[in-house]
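Order of the sequence lines fixes the chain letters, A, B, ..., with proteins taken first and strands second; residue numbering starts at 1 for each chain.
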Amino acid sequence: MSADGSLLSISISVDYPALPGALRDVRLAIQPGEMFGLVGQSGSGKSTLALAVLGLLSGRGGRVRGSIRFQGQELASERDSFWRKLRGRQIAFVPQSSISALNPALTLHAHFREAWRAHQFGKPDPALLRELMESVSLPGQTAFLERHPAELSVGQGQRVLIALALLHRPALIVADEPTSALDVITQSEILALFRSLNRRFGTAMLFISHDLMSVGALCNRIGILSEGELVECGEAAQILLSPQHEYSRKLLSALPRALHPADLESAG
Amino acid sequence: MKIVRTLAWVLLASIFGASAGAELLALADYSQQFRESPNRAPSAQFPLGTDDLGRDRFSRLLYGSRVSLFLAAAAAALATLIAAAVGATGGYLGGVWEKTAMSGTDLVLSLPWLFLLLAARAALPLNAPPLASMSITFFLLGLLGWAAGARVVRAATRAVKESEYVLQARASGCGPFRIIVAHVLPNLKPVLIAQFWLSIPTFILSEANLGLLGLGVSEPMPSLGTMLREMESVSRIASYPWIVAPALLLLLVVSCFQVVLRGEQRPL
Ligand SMILES: Nc1ncnc2c1ncn2[C@@H]1O[C@H](COP(=O)(O)OP(=O)(O)OP(=O)(O)O)[C@@H](O)[C@H]1O
Ligand SMILES: [Mg+2]
């Protein structure tokens, strides 16, 4: 599964002390530049998988067994100092809540400075920051960068987190429910932003959501996670139109009737 | 309540101001001995009378509070710095380092300091020059007074460590020391500031206690501690009631600090 040119290929199980088998033999691969969607209901293990891919589970008491290969390199057995070189530079993270994921004591500029310093000397070039901020449709002036997180709207905060993730032009972005704290309009704006960033920079994405519709709108392939197991994985259209697994059917039938992909298909 | 706090601020400011401007307010030098008039009652020339050696008590009180307040503030800064370093690294890094740091803290909290200080007193020259005695007092207060603060800082650090923004910082590749310095400590600012201010009244009292052990600031330099020693016997207080002035001043300073700090403490 790893010698096929995949950007990321994992085959893992995860145990928490309080919950052995939080993930059980989950296998999936993401190609360079691919948008991969991971869907599952609350508690199915989506965040667990995201943290495992970033090598951050040990901080939460989780233990990973199995293999995590990134660009052909086995990471599962590596020490944290090795992971640290990849995090933020090759594999970036966009969390769910912009309110709590930005440090209330730091200005936006300080966030960029710290994320920069993690991998490069000196300070980020102001022109680069301006360009980054504009690429996520935020003002790039110094005055805006001197704001604190409390002075942002939730949607602006989410855009800042996306800009932070893009700072080192990573090959893969892991986004854990990046839109679920947003209203529908902002949500669709952020989805459009992800799509355009993917086209412009060829950044691959592991897009995690409990919202099948936004995943369907964004991703080429979809995996469905249920109670720690990947019950289905395949082309987005195929899964949305003819789900094989019982759980996927249940997930689809939970959608409002008017939005059902099969109906939309027949209507269009 | 607001009036009481304002009053406390004003009192503190005037006490600090008066001790800072001791040169301007004092009618005589603190070490000048009016041999012909020892143990005088308060008068226009000596507002608080004179001591055994005929020195102006008012002048000694002004200079003494300057020494005590300055020493306490400097030692509080040192203690807060140590508490921040030990508490934040212990709380963030965890593991063996946390165990070591916290055992060290417990040790400092539980050692029989009275005996150690008496031993230290015995080891020092009988009459250290004022500057040396001030430095010794400064280091004693700072090095003995950090441990309680370190526990508070460690607890606060643990809460910050679990936060989403520290996870986000780790996900962008930041290393532990950079996270402590740039992400954790700025969030502990209120804790550290409170720790600093809380230490000052404690240290003023501790300096007075060190004085009782013969370890505080040495003659002829006055301090609140050395002046308190004059109140050794009740009969003395009965015949010279004005010698309680340093005790009253100390009480005033400490209670003003309490009033001010209670108002400043916000829930974290
Ligand atoms: N640190 C932990 N220790 C023990 N169990 C945990 C820990 N973190 C998560 N779990 C458990 O693991 C399971 C998967 O949690 P996870 O956070 O990955 O779910 P999720 O799919 O991201 O859910 P949500 O959509 O609510 O974010 C849950 O049952 C959760 O209770
Ligand atoms: Mg989650």
When you scan chain A against chain B, which donor-acceptor pairs turn up at less than 3.5 Å?
residue, atom, partner, partner atom, Å
A/G88, N, B/A171, O, 3.2
A/S100, O, B/Y165, N, 3.2
A/N103, OD1, B/N187, ND2, 2.5
A/N103, ND2, B/H183, O, 3.1
A/N103, ND2, B/H183, ND1, 3.0
A/E114, OE1, B/R178, NE, 2.9
A/E114, OE2, B/R178, NH2, 3.0
A/H119, NE2, B/S172, O, 3.3

Legend entry - Heavy-atom donor-acceptor pair, A/E146 side chain to A/A143 backbone, under 3.5 Å: no
Legend entry - Side-chain heavy-atom pair A/I10, A/R69 within 4.5 angstrom cut-off: no
Inset, instruction - Considering only heavy atoms and a distance below 4.5 Å, find which of A/G59, A/P104, A/A92 pairs most often with chain B. - result: A/P104
Inset, instruction - Taking the side chain as every heavy atom from C-beta outward, state whether A/L225 and A/V39 have any atom pair closer than 4.5 Å. - result: no
Legend entry - When A/L86, A/L106, A/I91 are compared by non-hydrogen pairs under 4.5 Å with chain B, the top option: A/L106
Legend entry - Proximity breakdown for B/I179 and chain A, heavy-atom pairs closer than 4.5 Å: neither
Legend entry - Heavy-atom side-chain contact between A/L138 and A/L132 under 4.5 Å: no
Legend entry - 4.5 Å side-chain heavy-atom contact, B/V67 and B/L224: no
Legend entry - Candidates A/I173, A/L38, A/V174, A/L191 - the one meeting side-chain contact (heavy atoms from CB on, under 4.5 Å) with A/F207: A/L191
Inset, instruction - Please name the pair of heavy atoms, one in B/A84 and one in B/L192, separated by the smallest distance, quoted to 0.1 Å. - result: CB-CD2, 3.8 Å
